[in-house]
Amino acid sequence: MTIERQTYKGQAYIEIRQMLINGELPPGTKVVVRVLSERLKLSPTPIKSALAGLERDGFLVAVPHRGYFVPQVAPKDMREIYELREALDGIAARKAASTPGVREFVRTTLQPLYDEQHRLLHENGGQGYSDVDINFHRAIWHVSGNTRLVQFLDNLGGQLRFGSGSSSKVPGRISDALHEHAAIMEALADGDAPRAERLAREHVRRAADAFGDVVTTHTADEADRPGRSTEHTA
């Protein structure tokens, strides 16, 4: 019975987290257990446990006597996440480059993902790129062999997408990112751990810089619009 409850809690966590990342539960939304319970066809118990876990992982905020809310993610928050991503992605790339069979990993795992990103850019205008991009990086995290590193990076990656911290909105950024991915792949295939770490860190840093451009442009656009406030429930 305990295993079954944990399974339901895990299912609820994954599905609600995806709703947050996809923007189905936008910032400012009050998360209502009853509605989620009906939506996911689960009892309130695993829903409440999942919400507590999401609050611990930074995806929700708990307001005393009011419940859970989807937080507003400030540019400062995103920059902090990028700083952590830079350090941890560098570690993952360094460890991956030292892994036996890394050249085969690049050929059979990373290269197809890179090719798909390239196709999406040139045939689909970049639509769907972000999903493949996170899979590209996640593959490197996993091959590093450090399970805790994978957990931290997966959580940070989710928070970036949840906070709309996508640098791919900057014109030309996807093309630049693909060149950076190619360089990382080459360093990994060569087993050059210091170079792989340096390139991975530079890649995240450039994404952070591009995100800063997105924030600046978005803020300027918002300043030209009449203010408005909306409330959502889910």
Exercise. Between Arg85 and Glu80, is a salt bridge (charged side-chain N to carboxylate O under 4.0 Å, His left out) present by the stated rule, with each step listed?
Worked result: CA-CA 9 Å; Arg85 270 287 306 270; Glu80 289 178 352; over 6 Å; no

Seminar exercise, completed: Closest non-hydrogen atoms of Leu110 and Ala139, given as atom of the first, atom of the second and distance, are CD2-CB, 4.0 Å

Problem set entry | With sequence neighbours excluded, residues passing side chain to side chain donor-acceptor pair (under 3.5 Å) with Glu86 | Arg201, Arg205

Problem set entry | Spatial distance of atom OG (Ser43) from atom OH (Tyr8) [nearest 0.5 Å] | 8.5 Å

Exercise. Regarding His137 and His181, is there a side-chain donor-to-acceptor distance under 3.5 Å anywhere?
Worked result: yes

For this session: May I ask you to check whether over 12 heavy atoms, not counting those of Arg39, lie within 6.0 Å of atom CZ?
Result: no

Problem set entry | Electrostatic pair Asp190-Arg103, nearest N-O below 4.0 angstrom | yes

For this session: Decide yes or no on side-chain contact (heavy atoms from CB on, under 4.5 Å) for Leu113 and Asp133, but give the supporting numbers first.
Result: CA-CA 8 Å; Leu113 290 169; Asp133 176 66; over 6 Å; no

Exercise. Do side-chain atoms of Asn135 reach the backbone of Asp131 as a donor and acceptor pair under 3.5 angstrom?
Worked result: yes

For this session: Identify the heavy atoms of Ala93 and Ala200 that sit nearest to each other, and give their distance.
Result: CB-CB, 3.6 Å

For this session: Taking all non-hydrogen atoms of both residues into account, name the closest pair between Ala193 and Ser98 and its distance.
Result: CB-OG, 3.7 Å

Problem set entry | Under 3.5 Å: donor-acceptor pair, side chain of Thr29, backbone of Leu25 | no

For this session: To the nearest 0.5 angstrom, please state how far the CZ atom of Arg206 sits from the OH atom of Tyr82.
Result: 14.5 Å

Exercise. Between Ala96 and Leu188, which heavy-atom pair has the shortest distance, and what is it?
Worked result: CB-CD2, 3.9 Å

Seminar exercise, completed: To the nearest 0.5 Å, atom OG of Ser130 lies from atom CG of Leu120 at 10.0 Å

Problem set entry | Sole residue of Val102, Ile184, Asp89 in side chain to side chain contact (heavy atoms under 4.5 Å, CB included) with Ile140 | Ile184

For this session: Please step through side-chain contact (heavy atoms from CB on, under 4.5 Å) for the pair Met185 and Phe136, ending with a clear verdict.
Result: CA-CA 10 Å; Met185 289 165 57; Phe136 179 92; 3.7 Å; yes

Problem set entry | Pairing residues for Leu88 by the side-chain contact (heavy atoms from CB on, under 4.5 Å) criterion, not counting sequence neighbours | Ile91, Leu149, Phe152, Leu153, Leu156

For this session: List the atom of Pro71, the atom of Pro27, and the distance in Å for their closest heavy-atom pair.
Result: O-CB, 3.5 Å

For this session: Flag the pair Val61 / Val70 as yes when at least one side-chain heavy-atom distance between them is below 4.5 Å, and no otherwise.
Result: no

Problem set entry | Residue that, paired with Leu51, satisfies side chain to side chain contact (heavy atoms under 4.5 Å, CB included) out of Tyr68, Phe59, Tyr13 | Tyr68

Problem set entry | Donor-acceptor contact below 3.5 Å, side chain Lys30 vs main chain Arg66 | yes

For this session: Check whether the side chains of Asp115 and Gln111 place a donor and an acceptor atom closer than 3.5 Å, and report yes or no.
Result: yes

Problem set entry | From CE (Met78) to CD1 (Ile81), nearest 0.5 Å | 5.0 Å

For this session: Tell me whether Leu54 is reachable from Phe69 by hopping between hydrophobic residues (I, L, V, M, F, W, Y) whose side-chain heavy atoms are closer than 4.5 Å.
Result: no

Problem set entry | Residues Arg138, Asp154; criterion salt bridge (charged side-chain N to carboxylate O under 4.0 Å, His left out); working and verdict | CA-CA 7 Å; Arg138 188 176 283 127; Asp154 197 49; 2.7 Å; yes

For this session: Give, for atom CE of Met19 and atom CD of Glu15, the distance between the pair rounded to the nearest 0.5 Å.
Result: 8.5 Å

Problem set entry | Any side-chain heavy-atom pair of Leu178 and His118 under 4.5 Å | yes

For this session: Salt-bridge test for Glu202 and Arg195: reply yes if a basic N is under 4.0 Å from a carboxylate O, no otherwise.
Result: no

Seminar exercise, completed: The reported gap from NZ in Lys9 to CG in Leu42 (rounded to nearest 0.5 angstrom) is 13.5 Å

Exercise. Is a donor on one side and an acceptor on the other found under 3.5 Å between the side chain of Ser144 and the backbone of Trp141?
Worked result: yes

Problem set entry | Donor-acceptor under 3.5 Å (Thr99 side chain, Val143 main chain) | yes

Exercise. Do you know the tightest heavy-atom contact between Leu199 and Ala187?
Worked result: CD1-CB, 4.0 Å

For this session: For Gln159 and Asp57, indicate whether the former's side chain and the latter's backbone hold a donor-acceptor pair under 3.5 Å.
Result: yes

